[in-house]
Amino acid sequence: MTLSTERSARADRGDLFDPQCPTRRLLDRIGTKWMSMAVKVLAEASPEEVRFAELQRRMAGVSQKMLSVTLQGMTRDGLVGRRVEPTVPPRVYYRLTPLGLSLEEPLAMVRAWAEEHMAEIDRANQRSQDEAAAG
C-alpha cells in the first residue's frame with residue numbers, strides 16, 4: 001500500500017483522536033441507550049417493520065419526543081428505513097437497513113458486557129462514594 005493509499009484509507013475510516021473527526025459525533029449517537037434499545041427491538045423484528053407506538057411500548061421509559069429524535073437521527077444516518085401509511089392518524093413503520101442491522105452485533109456485545117459487569121461497577125461506585133464520605 002502506498003503512503004497516499006494509506007492516508008486515503010485512514011480518512012475513510014476516521015480518526016477518533018482527531019477532534020474534528022466525525023467519528024466522534026457518530027459514536028456519541030450510537031452510544032446512547034435509546035439507540036441501543038431501538039436497534040435491539042428492530043433487529044428482533046427484522047426483516048419485519050415495527051410501528052412507532054410498538055417501539056415506544058417496548059422501550060420502557062422513552063418519551064415520544066426522545067424516540068422521535070432518535071429515529072430521525074437513525075433514519076438520517078441510513079440505519080433505519082421509515083414508511084408512512086397515509087391514514088388518519090398516519091401509521092409510521094420502521095425497520096433496520098442492512099447498515100443498521102450490522103450495528104446489532106457490536107451493540108449486543110456492549111449490552112451483554114454491561115449486564116455481566118453491572119454489579120461490579122455498582123460496587124466500585126459504592127466504594128468511591130464511601131471513600132469520599134469518609135475523606
Side-chain angles (χ1 to χ4, degrees):
M1 194 180 272
T2 68
L3 184 58
S4 65
T5 307
E6 285 180 29
R7 281 190 192 133
S8 177
R10 282 195 308 265
D12 288 346
R13 285 189 58 95
D15 178 1
L16 177 63
F17 296 99
D18 177 353
Q20 303 304 313
C21 182
T23 302
R24 286 183 176 201
R25 290 189 305 276
L26 178 58
L27 287 171
D28 283 344
R29 290 194 305 273
I30 64 175
T32 69
K33 66 183 174 187
W34 302 125
M35 183 179 288
S36 183
M37 285 182 187
V39 168
K40 180 174 176 52
V41 170
L42 292 169
E44 287 173 348
S46 185
E48 301 299 319
E49 297 173 315
V50 179
R51 288 188 60 190
F52 183 93
E54 177 66 12
L55 276 166
Q56 189 174 17
R57 186 184 68 74
R58 302 244 348 250
M59 293 169 59
V62 69
S63 68
Q64 184 173 347
K65 179 172 176 52
M66 192 68 238
L67 180 56
S68 180
V69 167
T70 299
L71 291 169
Q72 287 171 6
M74 292 174 74
T75 301
R76 185 179 52 250
D77 289 340
L79 302 172
V80 168
R82 180 177 185 267
R83 181 176 66 84
V84 180
E85 283 185 1
T87 58
V88 178
R91 289 187 180 143
V92 184
Y93 297 87
Y94 296 90
R95 64 170 175 70
L96 287 178
T97 64
L99 181 61
L101 201 51
S102 75
L103 187 54
E104 168 52 14
E105 186 175 342
L107 286 179
M109 291 181 354
V110 171
R111 287 190 304 263
W113 182 91
E115 290 169 358
E116 181 179 333
H117 295 286
M118 194 64 245
E120 186 177 348
I121 299 294
D122 282 344
R123 286 190 300 273
N125 276 284
Q126 187 60 52
R127 277 193 305 274
S128 179
Q129 288 176 3
D130 293 347
E131 290 170 3

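Source: prediction; values computed, not measured.
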Undergrad: Do Leu99 and Leu103 have side chains that approach each other closer than 4.5 Å (heavy atoms only, starting at C-beta)?
TA: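 A side-chain contact is absent here, since even the closest heavy-atom pair is not under 4.5 Å.
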Undergrad: What I'd like to find out is whether the side chain of Val80 reaches to under 4.5 Å of the side chain of Leu96, using heavy atoms alone.
TA: yes
Undergrad: Can you tell whether the side chains of Arg51 and Glu49 come within less than 4.0 Å, N to carboxylate O?
TA: no
Undergrad: Shortest non-hydrogen contact from Arg82 to Tyr94?
TA: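 Closest approach of Arg82 to Tyr94: NE-OH, 3.3 Å.
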Undergrad: Which heavy-atom pair separates Val50 from Leu55 by the least distance, and what is that distance?
TA: CG1-CG, 3.7 Å
Undergrad: Of all the heavy-atom pairs spanning Gly14 and Cys21, show the shortest one and how long it is.
TA: CA-SG, 3.6 Å
Undergrad: Of the non-hydrogen atoms in Ala43 and Glu104, which two are nearest, and what is the gap between them?
TA: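 Closest pair (atom of Ala43, atom of Glu104, distance): CB-CG, 3.7 Å.
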Undergrad: Using a strict threshold of under 4.0 Å (side-chain N to carboxylate O), is an ion pair present between Glu120 and Arg123?
TA: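 Looking at Glu120 together with Arg123, the answer is no, because their closest N to O distance does not fall below 4.0 Å.
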Undergrad: Decide whether Asp130 and Gln126 meet the rule of one side-chain donor and one side-chain acceptor closer than 3.5 Å.
TA: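 Short answer, yes.
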Undergrad: Nearest 0.5 Å please: distance from the CD atom of Gln56 over to the CG atom of Leu71.
TA: 10.0 Å
Undergrad: If you define the side chain from C-beta out and look only at heavy atoms, does anything of Leu101 sit under 4.5 Å from Ser46?
TA: yes
Undergrad: What's the separation between atom CG in Leu79 and atom CZ in Arg29, rounded to the nearest 0.5 Å?
TA: 8.5 Å
Undergrad: State whether the number of non-hydrogen atoms from other residues, nucleotides or ligands found under 6.0 Å of Gln64 atom CD is greater than 12.
TA: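 For Gln64, atom CD is not crowded (no more than 12 foreign heavy atoms under 6.0 Å).
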Undergrad: Quick one: closest heavy-atom pair of Thr32 and Asp28, and the distance?
TA: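 Result for this residue pair: CG2-O, 3.3 Å.
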Undergrad: Inspect the contact between Glu115 and Arg111 and indicate whether a charged nitrogen and a carboxylate oxygen are less than 4.0 angstrom apart.
TA: no
Undergrad: Has the side chain of Arg24 got a donor or acceptor atom that lies under 3.5 Å from a matching backbone atom of Leu16?
TA: yes
Undergrad: Distance check, rounded to the nearest 0.5 Å: Asp77 atom CG versus Gln72 atom CD?
TA: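 So the CG of Asp77 and the CD of Gln72 are separated by 12.0 Å.
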Undergrad: Is there a side-chain contact between Val41 and Glu54 (heavy atoms, below 4.5 Å)?
TA: no
